[in-house]
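Only one structure is covered here, and it is reproduced in the block below.
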Amino acid sequence: MKVFVAGSSGAMGRRLVPRLVAGGYEVVAMTRDDGKAAWLCRVGAQPVMADALDRAAVADVVKASEPEVVIHQLTALSGAKSFKNFDKEFALTNRLRTEGTDYLLEAARAAGVRRVVAQSYGNWNYERTGSAVKTEQDPFDSHPPANQVKSLQAIRYVENAVVNAGGIEGIALRYGNFYGPGTGLDLGGDIVAQVRKRMFPIVGDGAGIWSFVHMDDAAAAAMAAIEHGRPGVYNVADDEPAPASKWLPDLAAVVGAKPPRHVPVWLGRLAAGEVGVSMMTQIRGTSSGKAKAELGWAPRYRTYREGFREGLGDVPVPGFGPLPAVG
């Protein structure tokens with residue numbers, strides 16, 4: 001089966017593309033960077049050059065590739081560092097989830113693509129009341145912090161566009177918070193650096209519940225969705241949602257840092273805005289029961305504690321060993 005991957009050379013692509021090749025898929029991988037095209041060749045994919053926000057270019061490369069399945073992993077998450085300016089930090093990702101999605105779907109329809117699997121998100125965007133752990137049946141937050149409104153709109157957009165795409169089987173994977181190679185939560189990542197410097201404190205009671213997923217487990221879910229599951233949305237996260245008051249000290253211990261500081265809500269609001277307070281004190285976790293039952297997926301790292309201990313470094317992709325550097 002031929003699979004077209006948009007977002008093939010980012011943190012997710014580096015884990016997904018080699019897995020697809022090892023799984024026997026013919027992989028066409030879209031990138032706009034010549035250096036990354038060379039890496040894609042080295043791991044066995046066929047690179048094609050296009051900017052995801054160039055409608056004509058996307059149409060051309062998808063049409064020429066004639067894939068059966070398109071995997072949409074387009075984001076710009078590596079530049080997002082500030083809770084206080086959340087929507088500003090996510091502006092490019094939001095364009096990729098709206099304009100980029102439209103261009104991919106238009107190209108997919110024209111090329112006769114059977115199925116589209118898209119990256120979505122599931123954690124802070126669920127309602128912050130009621131049960132501590134949310135399923136796909138629970139609503140999104142109807143009144144998110146002001147600096148997350150545009151980002152939540154973009155998440156809604158990509159899901160609605162993909163799942164309701166006429167003539168295409170659309171699946172949206174609501175990933176939890178990524179950790180592992182290439183993310184802010186790897187050994188050299190921004191979040192780990194802040195934790196080591198004790199600059200990532202627990203705000204208030206730290207009751208905000210985070211759901212995590214290792215990059216390899218996220219990639220495995222995308223692979224599972226190629227051939228399994230009905231059209232719809234699926235939460236994809238490990239089996240242990242945890243409050244910030246628990247996971248932050250656990251992370252500090254793993255990376256050899258002192259325990260995180262505790263700060264009152266008013267100080268957290270000054271430093272990280274309403275989004276930071278919400279993330280640290282109010283958000284709810286997610287359940288991945290549907291993905292397990294319908295996609296046949298299960299996380300290798302069943303808990304974030306196991307993953308933090310074993311998966312923060314550059315874990316080899318099965319069948320490939322250590323990957324060559326990108327670029």
Side-chain angles (χ1 to χ4, degrees), residues 3-8 10-13 15-16 20 52 58 62 67-77 90 93-109 113-127 134-141 144 148 150-178 211-213 215 217-238 284-297 299:
V3 177
F4 185 98
V5 181
S8 61
M12 173 63 79
R15 312 311 292 181
L16 175 60
L20 289 168
V58 171
V62 174
E68 293 179 59
V69 175
V70 168
I71 300 181
H72 174 3
Q73 299 284 0
L74 294 167
T75 62
L77 300 176
F90 275 75
T93 291
N94 293 341
R95 286 191 67 195
L96 293 168
R97 285 174 168 163
T98 52
E99 295 172 56
T101 296
D102 285 345
Y103 300 157
L104 271 179
L105 286 176
E106 182 179 14
R109 289 191 190 95
V113 168
R114 172 179 62 85
R115 175 167 286 207
V116 173
V117 179
Q119 180 183 141
S120 184
Y121 176 81
N123 196 182
W124 62 256
N125 46 328
Y126 278 106
E127 62 179 1
K134 304 297 185 179
T135 73
E136 296 84 354
Q137 300 302 312
D138 288 301
F140 281 169
D141 196 344
Q148 284 184 316
K150 292 180 180 179
S151 297
L152 180 51
Q153 289 173 342
I155 292 169
R156 289 184 187 275
Y157 190 95
V158 66
E159 290 194 358
N160 290 334
V162 169
V163 171
N164 297 312
I168 291 174
E169 300 169 356
I171 288 180
L173 301 177
R174 291 178 178 171
Y175 292 118
N177 298 289
F178 290 146
S211 284
F212 291 98
V213 63
M215 293 303 292
D217 288 328
M223 284 190 66
I226 291 173
E227 299 187 53
H228 303 284
R230 295 171 293 176
V233 296
Y234 296 82
N235 289 336
V236 176
D238 70 23
R284 303 299 202 261
T286 61
S287 166
S288 301
K290 181 182 177 184
K292 292 179 180 179
E294 298 190 21
L295 301 183
W297 170 84

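Residue indices begin at 1 and follow the sequence shown.
More than 12 non-hydrogen atoms from other residues, nucleotides or ligands lie less than 6.0 angstrom from NZ of K292.
Comment: R174 does not engage E136 in a salt bridge, judged by the lack of any side-chain N to carboxylate O separation of less than 4.0 angstrom. The existence of a salt bridge linking R284 and E127 is excluded, since no basic side-chain nitrogen approaches an acidic carboxylate oxygen closer than 4.0 Å.
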Inset, instruction - Any chance you could lay out the side chain to side chain contact (heavy atoms under 4.5 Å, CB included) test for I226 and L20, step after step, and finish with the verdict? - result: CA-CA 10 Å; I226 291 173; L20 289 168; 3.5 Å; yes

Inset, instruction - Might you work through the side chain to side chain contact (heavy atoms under 4.5 Å, CB included) test for V116 and L104, ending with a clear yes or no? - result: CA-CA 9 Å; V116 173; L104 271 179; over 6 Å; no

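Applying the salt bridge (charged side-chain N to carboxylate O under 4.0 Å, His left out) rule to K290 yields no partners; only residues at least two apart in sequence or on another chain are considered. In this structure W124 satisfies the ring pair (Phe, Tyr, Trp, His ring centres under 6.0 Å) test together with F86, Y121, sequence neighbours excluded.
With Y175 contributing its side chain and A218 its backbone, the two residues share a donor-acceptor pair below 3.5 Å. In this structure, the side chain of D217 does not engage the main chain of V213 through any donor-acceptor pair within 3.5 Å. With R115 contributing its side chain and A225 its backbone, the two residues share a donor-acceptor pair below 3.5 Å. Under the 3.5 Å distance criterion, the side-chain polar atoms of N235 are matched with a main-chain donor or acceptor of S287. Listed for the S211 side chain is a donor-acceptor partner under 3.5 Å among the backbone atoms of T286. For W297 (side chain) and M223 (main-chain N/O), no donor-acceptor pair under 3.5 Å exists by modelled atom type.
Taking all atoms of both residues into account, the shortest heavy-atom contact from A221 to V236 is CB-CG1, 3.7 Å.
Counting only heavy atoms from C-beta outward, the side chains of H72 and V158 approach each other to under 4.5 Å. In this structure the side chain of M215 reaches within 4.5 angstrom of the side chain of M12, judged on heavy atoms.
Between the side chains of Y157 and N94, no donor-acceptor pair of N or O atoms lies under 3.5 Å.
Each of V162, T93, L77, L173 was evaluated against Q119; a single residue qualifies, L77, per the side chain to side chain contact (heavy atoms under 4.5 Å, CB included) test.
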